[in-house]
Amino acid sequence: MDNETKFMITCMLFTAICSSVSSDEWKATVVKSIDALVTSCVVVPCSFSHTGGNLPSSRLRGIWHEKDDKKSNIYHEDYTLIKDSFKERTQMLGRLGQNNCTLEITGVKDHDNGPFCFQVELVRTENNDPTKYKFSFVEDCVELNMLTEPPKPAVIKPKTATLGEPYTVTCSVIHTCPTHVPKLSWNLDSTNIIVHHKDIKHGNWEMQSILTFIPEEKDDNREITCTAEFNGGLKSSETFTLHVKRIENYNHIIIPAVVGIGTALLFGIFCIFMAKKYKGRH
């Protein structure tokens, strides 16, 4: 085999391998923008795919880096290759073998804006060394909207409570830290509290607390507060004034009226009877 033939075969093999990591075959889905509360955490949803099918995690390495500098890693399997300001604050939550590249950033700082991009590398299974075959999804990066103040809870309630009847009020708050969910609490003692946590998509989650209690007279004009405490210690709250409607008791009117009507009827019947008796004698 002459040198020219060897060169042609080498070029063809190189082209075939490179095509496996081309932009036409690798796709990533990363939320474009997401809120991040300073001091709390943020979880960035991320997934990727390859037209050749799933590859085992042992053949893949996931890296997150700054968009403007691919060597400025905010997450890497090799701790020494992570930017100092992100060390011990990032981890990959998703399993690469399941095409999940979801990233968690804890202890969010006000300069963690991004944009940050995901990069996938093919590695050799025998020694886990990286190869030159990699693809960075620089067109699918995430920017963090820094929140220095925590979002306030939203309260949904009936306008008026009725004395002695069950009253239900719902408190909810939106967040982006599902690994360390905010805690919702009330300034009212009750054992009847139901908590829900649900994914509302695009990296946003809703924490919900449903409180049910029986209003008493002393609760009229009482201030009821729902407080949300976020990972990192920041708190926010929402307060409303409870108005308790009393069930009117008309017994003080009805009973005397019934007695009066009854007495009048009896007296009328008696008068009619006496009148007939009188006529019968004459």
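These values consider heavy atoms only, across backbone and side chains, with no hydrogens, waters or symmetry-generated copies.
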### Query
How are the rings of F137 and F118 set to each other: parallel, tilted or perpendicular (split at 30° and 60°)?
parallel

### Query
Taking the six-membered ring for Trp, are F213 and Y167 parallel (under 30°), tilted (30 to 60°) or perpendicular (over 60°)?
perpendicular

Side chains of [X] and [Y] in contact at under 4.5 Å (non-hydrogen atoms):
X    : Y    : result
E223 : L242 : no
T102 : M92  : no
I224 : W186 : yes
I200 : I174 : yes
S33  : N145 : yes
L37  : T176 : no
H65  : I74  : no

### Task
For Y75, enumerate each residue passing the ring pair (Phe, Tyr, Trp, His ring centres under 6.0 Å) test, keeping only those at least two apart in sequence or located in another chain.
none

#### Entry: Common cluster, V181/V195, ILVMFWY with side-chain heavy-atom separation under 4.5 Å
yes

### Task
Treat each ILVMFWY residue as a node, draw an edge where side-chain heavy atoms are under 4.5 Å apart, and state whether V155 and V173 are in one component.
yes

### Query
Considering the options D35, D110, D112, which one meets the side chain to side chain contact (heavy atoms under 4.5 Å, CB included) requirement together with L144?
D112

Classify the side-chain pair [X]/[Y] by whether it contains a donor and acceptor separated by less than 3.5 Å.
X    : Y    : result
S40  : H180 : no
N221 : T241 : no
E104 : T179 : yes

### Task
Scan for salt bridge (Lys or Arg N to Asp or Glu O under 4.0 Å) pairs involving residues 157-170, sequence neighbours excluded, and state none if there are none.
none

## Note on the structure
So the salt bridge (Lys or Arg N to Asp or Glu O under 4.0 Å) pairs with at least one residue in residues 173-200 (sequence neighbours excluded) are K198-E206

### Task
Could you list the residues that satisfy side chain to side chain contact (heavy atoms under 4.5 Å, CB included) with T225, not counting sequence neighbours?
N187, T227, S237, T239

Can [X] and [Y] be counted as an ion pair, charged N to O under 4.0 angstrom?
X    : Y    : value
R61  : E77  : yes
K245 : D220 : no
D140 : K32  : yes

### Task
May I ask you to establish whether K87 and Y79 are in a cation-pi arrangement, using a distance under 6.0 Å from NZ or CZ to the six-membered ring centre and at most 45° from the ring axis?
yes

### Message
Centroid separation under 6.0 Å, is that true for the rings of W64 and F116?
### Response
no

### Message
So, taking the atom named CZ in R222 and the one named CD in E216, what distance separates them when rounded to the nearest 0.5 Å?
### Response
9.0 Å

## Note on the structure
Closest non-hydrogen atoms of Q91 and L103, given as atom of the first, atom of the second and distance, are O-CD1, 3.6 Å

### Message
Restricting to non-hydrogen atoms, name the atom on T212 and the atom on P166 that form the minimum distance, rounded to 0.1 Å.
### Response
CG2-CB, 4.3 Å

### Query
Passes salt bridge (Lys or Arg N to Asp or Glu O under 4.0 Å), K83 versus E66? Steps please.
CA-CA 10 Å; K83 188 176 179 180; E66 295 182 353; 2.6 Å; yes

### Message
If you count every heavy atom of other residues, nucleotides or ligands that lies below 6.0 Å from H202 atom NE2, does the total exceed 12?
### Response
no

### Task
Could you tell me whether a side-chain N or O of S236 sits under 3.5 Å from a main-chain N or O of P151, the two making a donor and an acceptor?
yes

### Message
Between R89 and S85 (side chain of the first, backbone of the second, donor and acceptor by atom type, cut-off under 3.5 Å), is there such a pair?
### Response
yes

### Listed partners of K109 passing salt bridge (charged side-chain N to carboxylate O under 4.0 Å, His left out), at least two apart
none

### disulfide (SG to SG under 2.5 Å) partners of residues 73-121, not counting sequence neighbours, each pair once
C46-C101, C117-C141

